[in-house]
Amino acid sequence: MTLKECYHAMEADYDGVICRLLTEERVQKFLLKAVDNQLLEKLSSSLEEGDYKEAFRSAHSLKGVCQNLGLTKLEVSSSEMTETLRGGEPSQDVAPLLEQVKKDYEIFEKSVAMLDR
């Protein structure tokens with residue numbers, strides 16, 4: 001799968017990321033790093049432990065990675081999680097938000113795994 005096809009599969013912003021990072025090689029390098037960054041695991045474990053401050057940091061970091069790499073769909077769900085966790089303990093159940101983040105992350109992960117290298 002080409003990088004452009006990968007971005008299409010993820011419902012992500014290929015043109016925007018190319019404008020920011022300039023080359024497909026650089027984009028691919030950072031995509032591969034993003035898969036290995038453990039932010040989803042940190043978010044999940046922090047929520048399980050009730051550590052909302054750390055969960056917020058993880059969600060916020062994930063959102064930032066998504067913005068930089070143009071991962072539009074995952075950015076939306078991680079942004080919702082970030083805003084829900086902003087300020088401490090959430091006022092609503094975060095389980096449905098976490099499930100959406102996981103679903104979007106899985107699409108991201110599977111798409112990156114199919115990239116031509």
Side-chain angles (χ1 to χ4, degrees):
M1 172 184 291
T2 68
L3 186 65
K4 193 169 193 170
E5 291 167 336
C6 177
Y7 265 73
H8 179 73
M10 295 186 294
E11 298 179 39
D13 181 13
Y14 174 81
D15 293 332
V17 75
I18 292 297
C19 283
R20 276 188 300 286
L21 299 181
L22 305 177
T23 68
E24 285 195 349
E25 293 78 18
R26 187 174 292 146
V27 173
Q28 186 166 331
K29 173 185 169 184
F30 286 110
L31 279 177
L32 294 172
K33 284 185 176 194
V35 169
D36 293 333
N37 69 17
Q38 304 291 314
L39 289 173
L40 180 61
E41 291 81 5
K42 289 177 189 173
L43 173 60
S44 295
S45 64
S46 297
L47 288 172
E48 269 182 34
E49 296 165 8
D51 185 348
Y52 297 113
K53 188 174 184 177
E54 187 59 38
F56 170 78
R57 273 192 221 119
S58 297
H60 192 269
S61 294
L62 181 59
K63 179 182 95 168
V65 167
C66 293
Q67 287 175 329
N68 288 329
L69 292 174
L71 306 175
T72 312
K73 190 169 185 165
L74 182 55
E75 179 189 342
V76 169
S77 59
S78 61
S79 182
E80 284 182 49
M81 178 64 80
T82 299
E83 294 312 312
T84 299
L85 294 170
R86 190 178 298 280
E89 190 167 342
S91 59
Q92 68 182 56
D93 181 17
V94 295
L97 293 174
L98 182 59
E99 286 308 309
Q100 187 62 52
V101 171
K102 286 180 177 180
K103 180 181 170 190
D104 296 341
Y105 194 89
E106 184 178 330
I107 292 167
F108 157 66
E109 215 171 25
K110 285 180 178 179
S111 298
V112 171
M114 294 174 59
L115 264 173
D116 296 333
R117 295 181 198 185

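Between atom OG of residue S111 and atom CD of residue E106 there is a gap of 10.0 Å, rounded to the nearest 0.5 Å. Distance check, rounded to the nearest 0.5 Å: CG of D51 to NZ of K42 gives 12.5 Å. Going from atom CE of M10 over to atom CE of M114 covers 11.5 Å, rounded to the nearest 0.5 Å. Note that OG1 of T84 is 13.0 Å distant from CD of E89, once rounded to the nearest 0.5 Å. Separating the SG atom in C6 from the OH atom in Y14 is a distance of 11.0 Å, to the nearest 0.5 Å.
Considering only heavy atoms from C-beta on, D13 stays 4.5 Å or farther from E75 through its side chain. Between V76 and D104, every side-chain heavy-atom pair lies at or beyond the 4.5 Å cut-off. Side-chain contact check for L62 versus C66: some heavy-atom pair is nearer than 4.5 Å. For the pair R86 and H60, the minimum side-chain heavy-atom distance is below 4.5 Å. Counting heavy atoms from C-beta outward, L69 and Y7 have side chains that approach closer than 4.5 Å. Using a 4.5 Å cut-off on side-chain heavy atoms (C-beta onward), V17 and L71 make no contact.
Ring-plane geometry between F108 and Y105 is classed as perpendicular, the angle between the planes exceeding 60 degrees on a 0 to 90 degree scale with a lower cut at 30.
What you find for S44 and L98 is that their closest heavy atoms are OG-CD1, 3.9 Å. Annotation for G70 and A12: closest pair O-CB, 3.1 Å, computed over non-hydrogen atoms. Across all non-hydrogen atoms, the minimal contact from V94 to M81 is O-CE, 3.9 Å. Residue K73 comes nearest to I107 through the heavy atom pair NZ-CD1, 4.4 Å, listed as atom of the first residue, atom of the second, then distance. Counting all heavy atoms, side chain and backbone alike, L3 lies closest to L115 at CA-CD2, 3.6 Å.
Here E99 does not pair with K103 in a salt bridge; the nearest charged N to carboxylate O distance is not below 4.0 Å. For R57 and E54, the salt-bridge test passes: some basic side-chain N is under 4.0 Å from an acidic carboxylate O.
Screening E83, K102, Q92 for a side-chain contact (heavy atoms from CB on, under 4.5 Å) with L97, the sole residue that qualifies is Q92.
Within a 6.0 Å radius of CE in M1, other residues, nucleotides and ligands contribute more than 12 heavy atoms.
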For residues 29-41, tabulate all N or O donor-acceptor pairs below 3.5 Å that involve a side-chain atom, not counting sequence neighbours.
residue: N37; atom: OD1; partner: L39; partner atom: N; Å: 3.0
residue: N37; atom: ND2; partner: A34; partner atom: O; Å: 3.2

